[in-house]
Amino acid sequence: THRLILSFHYYSPYEFTHQGLAFAGLQNKKGVTWEYGKAEKLQLQRDFQAVRDFAAAHGLPVFLGEFGVNANVDNRQRAAWTKAVRQQAEAFGFAWGYWEFVSAFSAYDLKANKWHEYMPDALFDFRGQVRN
């Protein structure tokens, strides 16, 4: 029995997810938007299919170990991208972990002690559940 898991990170398109961040060399890049149209959906599917194909060829389960959009981006845009990536990971049967809870890519505002707007719905499927 082998104990390997294929893990990968997903931040595409990088200029969208990392805009405004100096460490990414994109400190002057702002206002990049992302819409989940046909082209974006196909690209996401192709990217995840490549991961699935590699994992299947090697008999490995898959963990999407990081994905996220930094907090410089509008919350509605961040949530739309996050939800699309999460749903695609789940459709492919990948486990996932969002990057990150309370820092540059935060899903939660620690100072205000509340979730960033739209992020709970982007990260969790509340089908039929009541949430406060």
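Just so we're clear, the structure is a prediction, and the values are computed from it rather than from any experiment.
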Compare every heavy atom of [Y] with every heavy atom of [X], then report the nearest pair and how far apart it is.
| X | Y | value |
| --- | --- | --- |
| Leu64 | Ala89 | CD2-CB, 4.0 Å |
| Val69 | Phe105 | C-CD2, 3.3 Å |
| His116 | Tyr108 | CD2-N, 3.5 Å |
| Gly97 | Phe67 | O-CD2, 3.6 Å |
| Arg52 | Ala91 | NH2-O, 3.9 Å |
| Leu4 | Pro61 | O-CD, 3.5 Å |

Beyond-backbone contact of [X] with [Y], side-chain heavy atoms, under 4.5 angstrom:
| X | Y | result |
| --- | --- | --- |
| Tyr14 | Leu26 | yes |
| Thr82 | Leu123 | yes |
| Tyr118 | Lys83 | no |
| Phe92 | Val51 | no |
| Glu117 | Arg76 | no |
| Pro13 | Trp34 | yes |

[atom1]-[atom2] distance between [X] and [Y], expressed to the nearest 0.5 angstrom:
| X | Y | atom1 | atom2 | value |
| --- | --- | --- | --- | --- |
| Asp121 | Arg86 | CG | CZ | 9.0 Å |
| Leu42 | Gln49 | CG | CD | 12.0 Å |
| Asp109 | Met119 | CG | CE | 12.5 Å |
| Phe16 | Thr33 | CZ | OG1 | 7.5 Å |
| Gln77 | Asn75 | CD | CG | 10.5 Å |
| Ser7 | Leu60 | OG | CG | 11.5 Å |

For the side chain to side chain donor-acceptor pair (under 3.5 Å) test, which of Arg46, Glu40, Lys41, Gln45 pairs with Gln43?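 Result: among Arg46, Glu40, Lys41, Gln45, Arg46 is the only option passing the side chain to side chain donor-acceptor pair (under 3.5 Å) with Gln43.
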Considering residues, nucleotides and ligands other than Trp99, do more than 12 of their heavy atoms fall under 6.0 Å from its CH2? no
Please state whether the rings of Tyr11 and Trp81 are parallel, tilted or perpendicular, taking 30° and 60° as the class boundaries. parallel
Go through Phe63 and Phe94 one step at a time and tell me if the ring pair (Phe, Tyr, Trp, His ring centres under 6.0 Å) criterion holds. CA-CA 6 Å; Phe63 174 57; Phe94 301 165; over 10 Å; no
Would you say the side-chain atoms of Tyr98 pair up with the backbone N or O of Ala107, donor to acceptor, closer than 3.5 Å? no
Any donor-acceptor N/O pair, Asn70 side chain to Gln19 backbone, under 3.5 Å: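 At least one qualifying donor-acceptor pair exists.
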Apply side-chain contact (heavy atoms from CB on, under 4.5 Å) to residues Leu44 and Val85 and explain how you reach the verdict. CA-CA 7 Å; Leu44 190 54; Val85 173; 4.2 Å; yes
Measure centre to centre between the rings of Trp96 and Phe8, then say whether the value is under 6.0 Å.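 Centroid separation for Trp96 and Phe8: 6.0 Å or greater.
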Leu6 and His58: side-chain contact (heavy atoms from CB on, under 4.5 Å), yes or no, with the steps? CA-CA 9 Å; Leu6 174 64; His58 295 86; over 6 Å; no
Test salt bridge (Lys or Arg N to Asp or Glu O under 4.0 Å) applied to Lys29 - qualifying residues, sequence neighbours left out: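 Once residues adjacent in sequence are excluded, the partners of Lys29 under the salt bridge (Lys or Arg N to Asp or Glu O under 4.0 Å) criterion are Glu15.
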Cluster question for you: counting only ILVMFWY and a side-chain heavy-atom cut-off of under 4.5 Å, with indirect links fine, are Ile5 and Val62 together? no
